[in-house]
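Below is one structure, written out as structure tokens; the observations come after it.
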Amino acid sequence: MLDVGYGYNHLSFDSSPFPSTGVLTHWLNVNTKYILYFLEAGVEYGVFLGGSVKNEKNGNVTGITPNCYNRMHIKPYIGAVYPFQRLRVEARFG
């Protein structure tokens, strides 16, 4: 099975009084997996497409910038999957 998707992440401080600040990232994800009955094993590949820092008040976001991210990541995993009629539930480790 092969899945291709887009990911958008917003990293910010939990206690920040300014929810409009943070680091915004964009990812292209490719997931390959093999399912045997209720068990699955796979590898997810992520490619960093770009990012930006949203900082409406000077000094609200410090330290982490889009340049801190790896350009590509590889995540192997194993898990369990249970398909319902209109929904599939997956639990992954890795």
Side-chain angles (χ1 to χ4, degrees):
M1 187 176 277
L2 177 69
D3 299 323
V4 177
Y6 167 78
Y8 168 79
N9 293 316
H10 178 208
L11 175 66
S12 66
F13 299 106
D14 290 335
S15 61
S16 173
F18 309 105
S20 60
T21 62
V23 178
L24 310 173
T25 60
H26 306 275
W27 297 86
L28 174 66
N29 297 312
V30 178
N31 183 20
T32 59
K33 63 183 167 183
Y34 182 75
I35 299 174
L36 179 64
Y37 299 108
F38 297 105
L39 301 175
E40 68 177 353
V43 178
E44 181 180 309
Y45 307 92
V47 178
F48 182 67
L49 300 175
S52 63
V53 176
K54 190 173 185 183
N55 190 4
E56 294 182 357
K57 309 254 188 232
N58 290 337
N60 287 339
V61 179
T62 58
I64 298 176
T65 66
N67 296 329
C68 295
Y69 289 92
N70 291 334
R71 298 292 173 213
M72 189 172 117
H73 68 266
I74 299 172
K75 299 188 296 188
Y77 64 88
I78 58 172
V81 58
Y82 189 80
F84 293 97
Q85 188 173 17
R86 295 181 185 230
L87 176 72
R88 183 176 66 210
V89 176
E90 295 183 19
R92 295 181 180 175
F93 175 77

With sequence neighbours excluded, tell me which residues meet ring-ring contact (aromatic ring centres under 6.0 Å, His included) with Tyr34.
none
Where do Trp27 and Asn70 come nearest, in terms of heavy atoms and distance?
CH2-O, 3.6 Å
In terms of hydrophobic clustering (I, L, V, M, F, W, Y; side-chain heavy atoms under 4.5 Å; direct or indirect links), are Ile35 and Tyr37 co-clustered?
no
Enumerate donor-acceptor pairs with a distance under 3.5 Å from any side-chain N or O in residues 42-49 to protein atoms, sequence neighbours excluded.
residue: Glu44; atom: OE2; partner: Lys75; partner atom: NZ; Å: 3.4

Quick one: CG on Asn31 to CG on Leu2, what's the gap to the nearest 0.5 Å?
8.0 Å
Would you say Ile78 and Leu39 make side-chain contact, with heavy atoms under 4.5 Å?
no
Residues 81-88 side chain polar contacts: donor-acceptor under 3.5 Å, at least two apart:
residue: Arg88; atom: NE; partner: Glu90; partner atom: OE2; Å: 3.0
residue: Arg88; atom: NH2; partner: Glu90; partner atom: OE2; Å: 3.2

